[in-house]
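Sequence lines set the chain letters: A, B, ... in the order given, protein chains first and strands last, and positions in each chain run from 1.
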Amino acid sequence: MEYNHREVEQKWQNRWRKEQIFKAKDNKDKPKYYVLDMFPYPSGAGLHVGHPLGYIASDIVARYKRQKGFNVLHPMGYDAYGLPAEQYAIQTGQHPAITTEQNINRYRQQLDLLGLSYDWSREVRTCDPSYYKWTQWTFIQLFNSFYCYDANKALPISELIPALEGGFAKDLNVACGKPMDFSAQQWADFSEQERSDVLMNYRLAYLSEAMVNWCADLGTVLANDEVVNGVSVRGGFPVERKSMKQWSLRITAYAERLLEGLERIEWSESLKEIQRNWIGKSKGATLFFELENGEKLEIFTTRADTLFGATFMVLCPEHPIIDSITTDDRKAAVKEYITWAKNRSERERLAEVKLVSGIFTGSYAINPLNGERLPVWVADYVLAGYGSGAIMAVPAHDSRDFAFARKFNLPVRQVVVPEGEQEEDTTQWQESKDSKEGTVINSGLITGLKVKDAIEKIINYIEEKGIGYGTTNYRLRDAIFSRQRYWGEPFPIYYENGVPKALSEEKLPLLLPDIETYLPTETGEPPLARAKDWNYNGNPYDHNTMPGFAGSNAYYLRYEDPHNDTALVSKETNDYWQNVDLYIGGSEHATGHLLYSRFITKFLFDIGKVCTDEPFVRLINQGMVQGRSNFVYRIKGTNRYVSFGLKNEYETDALHVDISLVENNDVLNLEKFKAWREEFNAAEFILEGDKYICGWEIEKMSKSLYNVQNPDMLVERYGADTLRLYEMFLGPLEQSKPWDTQGIEGVSRFIKKFWRLYHDRDNVFYVSDLPPSKEELAVLHRAIGKVEQDIEKFSFNTSVSTFMVCVNLLTDLKCNKRQILEPLAVLISSFAPHIAEEIWELLGHKETITYAQFPKFDNKYLEQTTFKYPVSINGKTRTFIELDLSLTQEGVETAVMKDSSVQKFLDNKPIKRFIFVPKRIINIVV
RNA sequence: GCAUCUGUGGCGGAACUGGUAGACGCGCUAGACUCAAAAUCUAGUGAGCUUUAAACUCGUGCCGGUUCGAUUCCGGCCAGAUGUACCA
């Protein structure tokens, strides 16, 4: 008889559920600890062994913190709006809510198997009206706010109106779409529609005609982070630029604060760096170049020091000034070029980055510093969305300008000489010198300065002369917030005579209406246009829905107060739980969810709804668990399969085989293989010895590669405790690592060994009440100290090793003493809670181990009386001697002299000098 | 191109603020138990040299530096992973 994990785990999971052991209460006497997993989108495929990795890690921390006396909040929920359920609905007509519900139930079943200590009473689902009420509420708050740079926070839009009424729009220091200027009288004369349009320019959630990423295959627009390399992240469909009227969130207003906040949170350096790059702050200068027709051309540059090296100007094809400056003889050619450039798809443009194209407008601009005439060109390498869509080109010191100059035979003038170089003949150059290090030459007032100083001096100079100013640019774009889909949150917006208005808060939630088919209408309207009688007093609602990230922005706050009907989270509750102490999830959300969530949290902080302005204090990205795929080798054009070792003798195709058909990682079960699929029924094999050996490779774990390890099967076979320990044992949490099927046996052995430690051959429990020996206590306390340290560092793989060493040593000592076992059970309970609970009960405890006190580490059991000193003789470390720590310096010398391992190296020579560094090293010079 | 991270046995991976590299696990080898297998247990397992043992030598991607001493710190290269990119 051995440890029966099925029985034991079932028993404890039932008891935890029945007694609601993990329910978090707002207990203000204890310090709080909020540990959160990124809630999953419940896909139809269910979980594979990669998913639970983060859940297990967070569960270990949650259980550990409970035993450390914290009041732990550890909730779970579902990000339930999403494309797959909608696409399934389009195909089958089944309401996405039904699919979603089914998938959630499946997820829950799988999660429950793992013995995770979630407080399920706080579960949230983004598609639940009582939840999306607050998603809509947040949207209304954004709609009713603007961002003031003087106060450096969001303020109610009503506070802006007096300034507009007074005609001070042009003096406002606020975030806006475009600068505005109108008089008090003009405002008074504006129609309602016009006033609404003006306010839209300032609202944090605003409607605007914008160039968007349109994905025709998905029938919707996408945010920038949902598009990679010109195709959609979901589905990989081509995406084109298109101008449409869309809701957006003015996240750009928060660019500086989003950047600055990164300094105060404990995230991995790489993740912070991704966000910094995405925000893309660059300091530089805005400059005005006069055109020959008298108009001014605004440009942005980070290299004001190279102003004297500018030899031409470039405008983006969308630039509004092009029409008025193009000379008559160039008009036709310029128009043709612009048409060509605009019709190029995003994908073509990205694929042909190296293709240099452009056209001369026939006009010239005047360099404000030296009065030189610079030809103005149009080229698509200058982007409309960044800076002012126009640049001064310095081919000598910018690789893109250089390529352009070479193609169109424009002059290249060197104005910066890198350290240790001389001025060169630029006609010989193969590439530009982009480095920001060096000395400025040929540049009037800044000649001789270092690049950094030159930039500063130029900016001061242009500000003085009124031809420009120092400024900062961000790459971050506002977040496009509407989707032309059904399965999402409806906007709490209706149109009265075409003017968008927000529903009042009491009218929330605005329920998602039922419709018959989930496709866009014949006229290309979003699916919600199909809803019958769906309006507010006869005024139509907005037919868009919110994007996937809408529901996840503030979900962490909702867990704090999930049943509150009057607030997203009550002030009192939020004051207690505050923000998330530890957040675990994948790094794929770096520029999506994690950025938007920070933005929304800062906004809610500004309007006084929450007490902190960062959502996640500490973030850990768990690595991917990769799969080990197996291959068989089919001889080309036949149905014969050759074993791995012999495959080079034939021409073969490698085919993935399901890992369940393979034993011991590489031996193919021929019968199962033949039965797997019809095409293999008549397969013939060329064996090695009497076996068919499969090839293998480490790949992403995926259904289509037949390498998925199913957690349900593993729990059934080995138990949840073993799976939990093994997932942690695989390697460092943040690293991606391959799943090794055989490795789990080692952990399974450990569990059995642990059980045997205090069970006799007949599986009868027995502990000794004898006091533990010094040695046994040392073993225990070494484990306590190590595990505590490891958990604090999230180094769970080494904790598991520590348990193994500990149990091995105790087995050797035949130690089954109560005073050792009791603390050990607690120590191990966060990793393997079921077996720990069972022992805890066998030891006579009535209460669950969940709230037992974490054992106190006591250094006194480990105190060393001796220390191993390295001994260096004539500068070379030769040996180590063990010395009593209490020895004096003279005592050390005597001990060294006596130690034969040292004597050997002395060659009978006398000691000339003896240097003793306490607790470090003994140096001897002979 | 730029940025971040990572390079240690056959494999996954340990090594506290620099101090006897390779903990723990897998795999492999040998042995015990067994009619046999599974399970379990015991021993061995970086490389070289050596009949054996002991001893010695070399070993943490490569080159160099600091130090009595470097997987660890510094500089330069190489490789891989991830992110990002006509962002002026």
Side-chain angles (χ1 to χ4, degrees), chain A residues 2 228-229 268-278 280-282 284-285 299-303 306 314 316 349-350 352-356 379-394 397-401 403-404 434 473-477 587-588 590-591 621 623-624 628 664-665 698 725-726 729-732 734-750 752-753 756 785-786 789 793 795 797-806 808 811 867-880 915 917 919-925:
Chain A
E2 280 203 322
V228 170
N229 290 332
S268 73
E269 198 44 48
S270 71
L271 207 99
K272 288 190 193 179
E273 204 56 34
I274 291 172
Q275 290 212 343
R276 278 189 206 114
N277 286 341
W278 190 260
K281 178 179 184 172
S282 52
I299 63 114
F300 174 76
T301 179
T302 55
R303 292 298 301 274
T306 59
V314 188
C316 67
R349 232 173 51 74
L350 285 163
E352 307 165 338
V353 164
K354 289 207 179 84
L355 180 76
V356 179
D380 69 349
Y381 82 89
V382 173
L383 303 178
Y386 186 76
S388 59
I391 61 157
M392 64 172 195
V394 185
H397 305 293
D398 182 287
S399 49
R400 295 152 303 180
D401 297 344
F404 195 84
D434 293 4
N473 250 305
Y474 298 92
R475 192 153 64 211
L476 187 67
R477 292 287 107 87
S587 60
E588 66 273 18
T591 52
N621 296 122
M624 246 196 346
R628 191 190 142 110
N664 292 328
N665 270 348
I698 300 296
L725 282 164
Y726 185 57
F729 184 68
L730 272 178
E734 302 187 64
Q735 200 169 297
S736 60
K737 54 240 158 189
W739 181 266
D740 172 4
T741 318
Q742 290 177 357
I744 197 168
E745 297 283 350
V747 178
S748 177
R749 267 174 223 147
F750 158 75
K752 289 179 195 159
K753 207 166 173 178
R756 274 202 302 272
K786 188 79 171 64
Q789 245 178 45
K793 286 191 304 186
S795 167
N797 54 329
T798 49
S799 308
V800 179
S801 296
T802 306
F803 293 139
M804 289 179 174
V805 175
C806 181
N808 282 346
T811 304
F867 185 84
K868 270 191 174 178
Y869 285 85
V871 179
S872 133
I873 296 159
N874 284 349
K876 193 154 191 223
T877 307
R878 298 288 187 158
T879 186
F880 285 74
I915 307 153
V917 184
K919 278 204 128 178
R920 277 282 159 240
I921 187 166
I922 298 165
N923 287 323
I924 295 173
V925 184

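- Using P as the reference atom, G44(B) and A53(B) are 13 Å apart when rounded to the nearest Å.
- C63(B) and U84(B) are spaced 31 Å apart, taking the C1' atom of each and rounding to whole Å.
- When the P atom of A85(B) is taken as reference, atom CD of E273(A) falls 15 Å away, rounded to whole Å.
- Remark: P of C5(B) and CG of N277(A) are 13 Å apart, rounded to the nearest angstrom.
- Heavy atoms of I391(A) sit under 4.0 angstrom from at least one base atom.
- Pairing for U82(B) is with A3(B), a Watson-Crick or G-U wobble pair whose two hydrogen-bonding atom distances lie under 3.5 Å.
- Listed pair R749(A) / C26(B) meets the phosphate criterion, a side-chain N or O lying under 4.0 Å from OP1 or OP2.
- For G7(B), the base adopts the anti conformation, since its glycosidic angle falls more than 90 degrees from zero.
- The residue among P732(A) and D740(A) whose nearest nucleotide of RNA chain B lies closer to the 5′ end is P732(A).
- Look at N797(A) and you'll find a side-chain N or O under 4.0 angstrom from OP1 or OP2 of A14(B).
- E269(A) has a carboxylate O that lies under 4.0 Å from a charged side-chain N of R276(A), or vice versa, which qualifies the two as a salt bridge.
- In this structure, Q735(A) atom CD and G7(B) atom P are separated by 7 Å, rounded to whole Å.
- Taking the six-membered ring where tryptophan is involved, the planes of F750(A) and F803(A) are essentially parallel, since the angle between them stays under 30° and well short of 60°.
- Within the structure, a side-chain polar atom (N or O) of R756(A) is placed less than 4.0 Å from OP1 or OP2 of C41(B).
- Distance, K753(A) NZ to G25(B) C1': 12 Å, rounded to whole Å.
- Nearest-nucleotide positions on RNA chain B place P738(A) closer to the 5' end than the other of P738(A) and K752(A).
- Residue V747(A) is out of contact with every strand shown, counting any heavy-atom pair closer than 4.0 Å.
- Between T798(A) and the phosphate of C24(B), there is no side-chain N or O to OP1/OP2 separation shorter than 4.0 Å.
- Between C86(B), C26(B), C5(B), one nucleotide has an atom nearer to the side chain of Q742(A) than all others, and that is C26(B).
- Here R276(A) lies out of heavy-atom contact (under 4.0 Å) with every strand.
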